[in-house]
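Following: one structure in C-alpha cells, then a few remarks.
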Amino acid sequence: MIRDEIGRMVQEAAGRAQEAGDLPAVALPDPAAIERPQRPEHGDYATSLPLRLARAARAKPLDLGAILARHMPASDAIERVEVAPPGFVNFHLSQRWLAAQVDEIIAAGPAFAQIDAGAGQKVQVEFVSANPTGPLHAGNGRWAALGSALVRVLRAAGYQVEAEYYFNDAGTQIEVFGRTLYARYQQLFGRDVPLPEDGYPGGYMADLAEQAREKFGESMLKPEGEPAPEELTNYGVEQVMGWIRSDLSSLGVEYDTWYREQTVYDSGNFDKVMALLRERSLVIEREGAVWFATSQMDADKDEVLIRSSGLPTYLSTDIGYHYDKFITRKFDRVIDIWGADHQGHVRPLKLAIEAMGLDQERLQIIIGQLVTLRRGQETLKLSKRSGDIVTLREVIDEVGADACLYFFLSRSADVPIDFDLELAKQQSAENPVYYIQYAHARIAGILDRAGDLPAAGDGEGDVSLLTHEAELALIRKMLVLPELIEAIARTLEPHHLPHYAQELATSFHDFYEKCRVIDPEQPDLSHARLKLATAAKSVLAMTLELMGMSAPDKM
RNA sequence: GCCCCCGUAGCUCAGUAGGAUAGAGCGACGGUUUCCUAAACCGUAGGUCGCAGGUUCGAUUCCUGCCGGGGGUACCA
C-alpha cells in the first residue's frame, strides 16, 4: 500500500534528519501517522508529524515540516511534497504513477484486495446463532450481513477465518419448544391440550406439527399426560435448523461450522471448565444454586451457573463453549456478534475467559443495537416468544437479498435500526444498491462493445494517456480499497464498505460522463480507457463481493 | 439507582485510532440526452456537530456533568 510506503518514507526522513542533526533526538511515533486530507489541494496523503513533534523538539512546526520535506527519500510515486500551515506535510502522487496503477490492478486481480495484516492468525467469527426454536426474523439479518462481511474482510486482510453458527439445541428453550410442538401435534388429533403458557405462539409451530403428522402419522402420540417425545422435539429442531440454513444461504451467508450446544457437554468441555473454575475457588454454592463468584473479580454481583433445578444456565454453557473455542480448537482470537439485549453477558463471559488464564482481549464481542421493524405506522415485534414475527425470509422476498444486505451493512453496529418495510420496498427502485450495481453493468456493456474499436498503436493501450481529472479521481478511489480493508479488519466496522462502494460508483459514473471510452477516432486513448474500465469493474466487483452482493453484467 | 450504546443538514446516516474551510444519499429547487445503458450527470439551498465545562497548538472525535432516546440490570436466552 502506497500509504504505508509513505509512512515508512516519513520515518526514514525523520531518521535522516536526526542523523544530520537537523532534528533533535526526540522519540518518533511508530508508525508515522499518515492521513488522507479532506481537500484535494492538500494532496493525496499528509502527515501532521511536525505539529506533534513541535513541543518535544522545541521548534516551529513549519520549520520541522521543511526539514522533513528536505530529507524525504525520492520516489516515483510522489510528484510533490509541500509544507503547509499550521504544520502539515502534504504529498501529491504523480499522475504517471497513478495511471500505472491501472496495469497493476488488472495484473493483481483479486489479490489487489488482499493484504497481510492478519499474518495468518487464526480467528473465529460467530454470528447470528439464533435458537432453533423458530425461523430467523428480520433483525437476525443484520448480524448475518455484518458477520459475513466481517469474515470476508478479515480473510482479505490475511487472517485465517472460520465462520461459525452456534445452535442452542439443548436447554430450557428447546424443552419449551418441544412441549409447544407436542401440544400442537396432539391438537391435530383432537386432543384438547392447551399451548404451554411460556410456549411459542407463532403460527409456524402449527405448520411444523402438520409436517410431523405427515411424517410420523400418529406414532408420536403418547398416553395423555406424558411428556413430549424426544424424537418429535428432535424432528422439530432439525426442521427449524433447515429453515435457518436455507434463509442464510439465500442471503449468500456461508458458515464453516454449525456447532451444537450439545457438543459442549458431549466433549467434556463443560465439566472441564467447571472443574477449572472450582480449582480457582471461583465457584460457590448458595440458595440451592451454583454461582460463578464474579464479585471476587471485576463485577458487582455473582452469576448463576447451575440453577437450583440442576439445569445449567446459558452463561455456563457459553463458558464451556468458549473453553472449546480457545483451548480445544486453539483460536488466537474469537469475535462474537451479539444483539444489545445480550450485553449483560459480556462482562461475566470475559471474566470467565480471564479465569481460564487467557487474555480477555482475545475475545472481542461486538454488541450491535437492535432492529425494530415497522410497516408504516405499525411497529412490529421481533420476538419469537411473543409470536407475531416478521421473518427474514419475508424481508428477503419483499426487498431482495442485495438490498437487504446493503441496508443492514450500511449502518454502524452502534446505532439502532428502524426498518420500515413499506419504505424499503418503495425505495428499492432508487436504491443505492442499483446505483452501484449499475456502474458495474455499465462497464460490462462498454467492454462488450470494445471489439468495434481499431487496434491500439502499441497493441494494448498505454495507460500513461490517462491524464483527465475524472480518470485520475477514479484511480485514486480504487486505491482506497486495500486501506479500507485494513481499517475494517482493525476496527471491525464493515459499515464503511457500502459507503465506499457508493463513492467508487460515483467516481465511475463521473468518468463515464466526462470521458468517452470507445472512440474510433482515438484508438490509443480508447484502449487505455478500456483498461481503466476493466480495472474499475474488477474493484467494484471485489467490493460488492466483500458485502456478499451480486455484480450483474446487465441490468 | 447503576451499566452499555446513541444524539451531526428537512429525513436516513458517514466522518477511517484529535488535525487544515464538517460530508454523502434521499427529499426540495434549477439544468443536461444527434454520442459506450438517463437505474446517469451538473448546479443551488440547507449545520451554534444535544447543552455546559475541561484537556490540547488544535475537539464532531478524548474526559466530567446535565438533557433526550434505545438496551441491560432474572436461578430467560
Task: Pairs meeting criterion side-chain hydrogen bond (donor to acceptor under 3.5 Å, both in side chains) with involvement of residues 535-544 of chain A, two or more places apart - done: none
Open item on the list: Taking side chain to side chain donor-acceptor pair (under 3.5 Å) as the definition, give me every residue that meets it alongside A/Arg58, ordered by chain and number, with sequence neighbours left out.
Closed with: none
Open item on the list: Listing request: all salt bridge (charged side-chain N to carboxylate O under 4.0 Å, His left out) pairs with a residue in residues 521-536 of chain A, at least two apart in sequence or in separate chains.
Closed with: A/Asp103-A/Lys531, A/Glu460-A/Lys531, A/Glu471-A/Arg529
- [ ] Check side chain to side chain donor-acceptor pair (under 3.5 Å) between A/Asp318 and all other residues, then give those that pass, not counting sequence neighbours.
- [x] none
- [ ] Among B/A20, B/A77, B/A24, find the nucleotide with the atom closest to the side chain of A/Gln502.
- [x] B/A24
Task: A/Gln38, nearest nucleotide to its side chain (from B/A20, B/A14, B/C76) - done: B/A20
TODO: Check if the side chain of A/Asp318 and the base of B/A77 share a donor-acceptor pair of N or O atoms closer than 3.5 Å.
DONE: no
Open item on the list: As a check on the pairing definition, encode RNA chain B in dot-bracket form, counting Watson-Crick and G-U wobble pairs whose two distances are under 3.5 Å, and using | for partners outside this strand.
Closed with: (((((((..((((.....[...)))).(((((.......))))).....(((((..]....))))))))))))....
- [ ] Could you pull out the closest heavy-atom pair between A/Met547 and A/Ala501, with the gap in Å?
- [x] CE-CB, 3.6 Å
TODO: Identify the heavy atoms of A/Ile367 and A/Ala340 that sit nearest to each other, and give their distance.
DONE: CG2-CA, 3.7 Å
- [ ] Indicate, with yes or no, if the rings of A/Tyr435 and A/His509 have centres closer together than 6.0 Å.
- [x] yes
- [ ] Ignoring the backbone of A/Glu287, work out which of B/G70, B/A14, B/C75 is nearest its side chain.
- [x] B/C75
Open item on the list: Taking side chain to side chain donor-acceptor pair (under 3.5 Å) as the definition, give me every residue that meets it alongside A/Glu469, ordered by chain and number, with sequence neighbours left out.
Closed with: none
- [ ] Quick one: label A/Arg449 by what it contacts on the DNA or RNA (base, sugar-phosphate, nothing), any heavy atom closer than 4.0 Å.
- [x] sugar-phosphate
Task: Separation of the C1' atoms in B/G23 and B/U61, to the nearest angstrom - done: 15 Å
Between N or O atoms, less than 3.5 Å apart, protein on one side and nucleotides 40-48 of chain B on the other: list the pairs.
{"unit_1": "B/A40", "atom_1": "O2'", "unit_2": "A/Arg442", "atom_2": "NH1", "d": "3.0"}
{"unit_1": "B/A40", "atom_1": "O2'", "unit_2": "A/Glu513", "atom_2": "OE2", "d": "3.1"}
{"unit_1": "B/C41", "atom_1": "OP1", "unit_2": "A/Tyr435", "atom_2": "OH", "d": "2.4"}
{"unit_1": "B/C42", "atom_1": "OP1", "unit_2": "A/Asp510", "atom_2": "OD1", "d": "3.4"}

At a cut-off of 3.5 Å, list every protein nitrogen or oxygen paired with a nitrogen or oxygen from nucleotides 7-12 of chain B, distance to 0.1 Å.
{"unit_1": "B/U12", "atom_1": "O2'", "unit_2": "A/Arg411", "atom_2": "NH2", "d": "2.1"}

Open item on the list: Side chains of A/Asp418 and A/Thr372: any donor to acceptor distance under 3.5 Å?
Closed with: yes
- [ ] Identify, with sequence neighbours excluded, every residue that meets ring pair (Phe, Tyr, Trp, His ring centres under 6.0 Å) alongside A/Tyr512.
- [x] none
Open item on the list: Using whole Å, what does the distance between atom C1' of nucleotide B/G69 and atom CG of A/Asp414 come to?
Closed with: 15 Å
Open item on the list: Taking salt bridge (charged side-chain N to carboxylate O under 4.0 Å, His left out) as the cut-off, I'd like each qualifying pair that reaches into residues 482-502 of chain A, sequence neighbours left out, listed once.
Closed with: A/Arg3-A/Glu486, A/Arg36-A/Glu483, A/Glu486-A/Arg490
Open item on the list: When the C1' atoms of B/U32 and B/C51 are compared, how many Å lie between them, rounded to an integer?
Closed with: 45 Å
- [ ] Return no unless some side-chain N or O of A/Thr372 is found under 4.0 Å from OP1 or OP2 of B/G70.
- [x] no
Task: Non-neighbouring partners of A/Arg333 that pass side chain to side chain donor-acceptor pair (under 3.5 Å), sequence neighbours left out - done: A/Tyr159, A/Gln364
TODO: To the nearest 0.5 angstrom, please state how far the CG atom of A/Leu405 sits from the CZ atom of A/Arg142.
DONE: 13.5 Å
- [ ] Using heavy atoms to find the nearest nucleotide of RNA chain B for A/Phe511 and A/Ser308 separately, return the residue whose nucleotide is more 5′.
- [x] A/Phe511
Open item on the list: What residues from residues 337-350 of chain A pass a heavy-atom cutoff of under 4.0 Å to RNA chain B?
Closed with: A/Ala340, A/Asp341, A/His342, A/Gln343, A/Gly344, A/His345
- [ ] Find the distance A/Leu370:CG to B/A77:P and express it as a whole number of Å.
- [x] 18 Å
TODO: Hey, which sits more toward the 5' end of RNA chain B by its nearest nucleotide, A/Glu41 or A/Gly288?
DONE: A/Glu41
Open item on the list: With no hydrogens and no angle check, just 3.5 Å: does a side-chain donor-acceptor pair link A/Ser48 and A/Glu35?
Closed with: yes
Open item on the list: Any donor-acceptor pair under 3.5 Å linking the side-chain atoms of A/Glu126 with those of A/Tyr259?
Closed with: no
Open item on the list: Starting the side chain at C-beta, find the nucleotide from B/C13, B/C5, B/G19 nearest to A/Gln369.
Closed with: B/C5
Open item on the list: Please classify the nucleic acid contact of A/Pro37 as base, sugar-phosphate, or nothing, using heavy-atom distances under 4.0 Å.
Closed with: base
Task: pi-stack flag for A/His495 and B/A14, centroid dist under 5.5 Å, interplanar under 30° - done: no
